[in-house]
Amino acid sequence: MRLVEGLNPKQKEAVLQTEGPVLILAGAGSGKTRVLTHRIAYLIQEKNILPWKILAITFTNKAAKEMRERVDQLVGKGAEEIWVSTFHSACVKILRRDIDKIGYNRYFTIYDTGDQKSLIKECLKELNYNEKNYPVSYVLGEISNQKNELVSASDYEKNSAGDFRKEKLANIYKLYQKKLESNNALDFDDIIFKTVELFIYHPEVLEYYQNRFEYIMVDEYQDTNTAQYKLVKLLASKHHNLCVVGDDDQSIYGWRGANIRNILDFEKDFKNAKVIKLEQNYRSTKVILDAANAVIKNNFGRKSKALWTENEQGDLIDVRETDNEHDEAEFVANEIVKQIEEEGREYKDFAVLYRTNAQSRVLEEHFIKHAIPYRLLGGVRFYERKEIKDLLGYLRVIQNPSDDLSLKRIINVPKRGIGDTTIGKVEAFASDYDMSFFDAIRDVEIVSQFGRSASKLKKFADLIGVFQVEAQAGSVMELVENILERTGYLKELENENTEESKERIQNIKELISKAADYDQNAEEPSLEGFLEEVSLVADIDNYNEANNAVVLMTLHSAKGLEFPYVFITGLEEGIFPSYMSVVSENEDAVEEERRLCYVGITRARQKLYLCYAKSRMLRGLTQYNRCSRFISELPKDLISIGNKVKKAVDPLAGIRSRNKVLHTYTPYQGAVSKADNSSSENTPLEFECGDLVKHIKFGVGTVEDIRYAGADYEVTVTFPKFGSKKLMARLAKLKLVQ
DNA sequence: CAGAGACTCGAGGAG
DNA sequence: CGAGTCTCTG
């Protein structure tokens, strides 16, 4: 049979075992995506299962898209009818049909973390609780944990009786939930929770989906939380054809409610479950795999599993100590340049991984200096930028006028003379009459009591009304353009005419093109569809491996990806493993960090670099951390201690404060000599102090100072937005602006 | 009511 | 160190 050709015996077994509960324990790089896609193809082609009877849940939209494409290649027609999606998008789809049965309407808004925080702040204010005693992020975490465990606000209230603090938290939870409901909004956790609720209170809805999904597959099962577990269990309880794929050693989302017991207890929860282990790794060298195994074996309570490979031995792991984070970044940059020049690699072969997003900054600086193209994942997400959130705020209000939170965000953006006082008054009215903010400002009698502000409020309400009509026409792009135009939002930014406003305009253009893209490619384009897509997109969904650039991301984001060369930076006690996990002395927390390390190591195909710095600047303070325990868990024969990257006797010491540019000793001739050779070294620069120069990333700035620095010139440039920067003129490709 | 400037306070990972 | 908040002034 063509479909199982080229699969190993275990993989074959996993493809053929289509009936009943199946647990596939798939080690890193063991070809599980291959197994899953072939399994789906097998169901359709050999078992004649209709594609729309199959549900496949993946962790990201990107993985879903890939899976669909690969099944498409295998079976040709029909693959588009399979439900392949993430938990969240599958649930939103289900809720759009039937959420009116549980007290919302189908035009509900999805709130992101920022919206949640604003809402919690409103709750604290209303309840007169102090943010010091009930920090927003803590409260949010607590509520999220409850929802992940399917504990409703009233359940929580019952459980909290007698516990003063818990009673207060229960009050916040209750009010928060009430506000979500009146705004016709769901937070991320609600998307799962409400779907489970819908299924439980409306068995006929559940039955419909149970009948429909004869075959269910769930990827990354180790990262499911209790709510997701319940959802899967409900859906599968009729046909019992549930296949879950996961690796307990890669469970890294405990902090957001993932329950590792879901995978460890699968055999108990689903009777007669078949367990198949995929242990042959096709991705990494022996050295890399041995290192991964050596680290992870320090964890207890794992499912027994021994990953092996027929791949070659490979290079030793390069363990590198530097004095500080700048030297670390410099080492990474130089090493990339060296590998590209000497080994003919490409930028896209490299990934640099770190524990926290804050670590990316220094790496970026040095990549820019070396003119290394890079893609940064994480940090401030595109859809969380102010200008984007403002525009989305308009779209949300147009779509869901009950969304008071979004309405309050945009009612005075751009400035139209509706200040906090007026907003407060309207709010008081709205709550007295138990109506939404928008309904209140549309009510002539109410508005007429606002004197000077009345006409402004009316004008705003009319504006939204017009947009609502236009939204019916269908094109999201046109709607966005109309908003920009008629609110004067774009004009305001254009008038500012600063680097910052220009960047905002760029982002807005990006949003317009995303909307245009959506209009063209969506099956049934609609405003709600666009907002949904925007809310559920993850950073990683936009990662495109065809793009020839080094990729920078957190270890968490790297899950599921692979690269020929991988750098893991910041391997220091207190950074990785994180401070939180170390001080808590909670062995579970450290074990999760270790699993994260295992995930990081197993991303590498050919060569792995582990870096740590003796000192590191954090929150403006220099910290001195010991080398990470994970490095000491590596067998000595697998690692080569790289030449320590020493600093030069620096002729400019004392003049420079940051961005140490030169090392007299680098183990090779890096980019410096390249620039040196390609341009005759005594050519004077094309600009001098006071000139305007352009930089790829920082834009246009003024040259303040030029210093001769060996092969190149160190130039101090002040950029309007980024401030003063010291750059190597040729490396940073500074160009004179005429 | 808007804007600028001082200010504090906080800090992990993500859909 | 920097974002977000608060306060003060025009």
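Below, chain A is the first sequence line, B the second, and so on; all start at residue 1.
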Original post:
Which is true for A:G378 with a 4.0 Å heavy-atom rule: it touches a base, it touches only sugar-phosphate, or it touches nothing?
Top reply: nothing
**OP:** Could you say whether the aromatic ring of A:Y253 and the base of B:dA14 stack, counting only centre distances under 5.5 Å and plane angles under 30°?
**Re:** no
**OP:** Could you check which of B:dG13, B:dA2, B:dG15 has an atom nearest any side-chain atom of A:W255?
**Re:** B:dG13
**OP:** Look at A:S137 and B:dG10 and indicate whether a side-chain polar atom (N or O) is within less than 4.0 Å of OP1 or OP2.
**Re:** no
**OP:** Answer with base, sugar-phosphate or nothing: what part of the nucleic acid does A:T421 contact at a heavy-atom distance below 4.0 Å?
**Re:** sugar-phosphate
Subject >> Side-chain touch A:L186/A:L180, heavy atoms, less than 4.5 angstrom >> reply: no
Subject >> A:E528/A:R106 ion pair, N-O < 4.0 Å >> reply: yes
Original post:
So which one's nearest nucleotide on DNA chain B is more toward 5', A:I418 or A:E592?
Top reply: A:I418
**OP:** May I ask you to say what A:T554 touches in the nucleic acid, namely base, sugar-phosphate or nothing, with a heavy-atom cut-off under 4.0 Å?
**Re:** sugar-phosphate
Subject >> Touch class at under 4.0 angstrom, heavy-atom based, for A:T422 against every strand present >> reply: sugar-phosphate
Original post:
Do the ring planes of A:H366 and A:H326 sit parallel (below 30°), tilted (30 to 60°) or perpendicular (above 60°)?
Top reply: tilted
Original post:
Toward the 5' end of DNA chain B, which comes first, A:D539 or A:K456, by nearest nucleotide?
Top reply: A:K456
Original post:
Expressed in angstrom and rounded to an integer, what is the separation of A:R616 atom CZ from B:dA11 atom C1'?
Top reply: 15 Å
Original post:
For the pair made of CZ in A:F576 and P in B:dA11, what is the distance, rounded to whole Å?
Top reply: 22 Å
Original post:
Just checking A:D189: base, sugar-phosphate only, or nothing, at a heavy-atom cut-off of under 4.0 Å?
Top reply: base
**OP:** Scan A:S557 against the nucleic acid and name what it touches under 4.0 Å (heavy atoms): base, sugar-phosphate only, or nothing.
**Re:** sugar-phosphate
Original post:
So which nucleotide from B:dA11, B:dG13, C:dG2 ends up closest to the side chain of A:T356?
Top reply: B:dG13
Original post:
Does A:R416 make a side-chain N or O approach to OP1 or OP2 of B:dC1 shorter than 4.0 Å?
Top reply: no
Original post:
Would you say the side-chain atoms of A:T356 and A:Q359 include a donor-acceptor pair closer than 3.5 Å?
Top reply: yes
Original post:
Contact class for A:E593 vs. all strands (heavy atom < 4.0 Å): base, sugar-phosphate, or nothing?
Top reply: base
Original post:
With a non-hydrogen cut-off below 4.0 angstrom, is A:N357 in contact with a base, only sugar-phosphate, or nothing?
Top reply: sugar-phosphate
Subject >> Side-chain ion pair, A:E545 and A:K62, N-O less than 4.0 Å >> reply: yes
Subject >> C:dT5 phosphate, OP1 or OP2, under 4.0 Å from A:K121 side-chain N/O >> reply: yes
Original post:
Roughly how far apart, to the nearest Å, are B:dA11 and C:dC6 at atom P?
Top reply: 16 Å
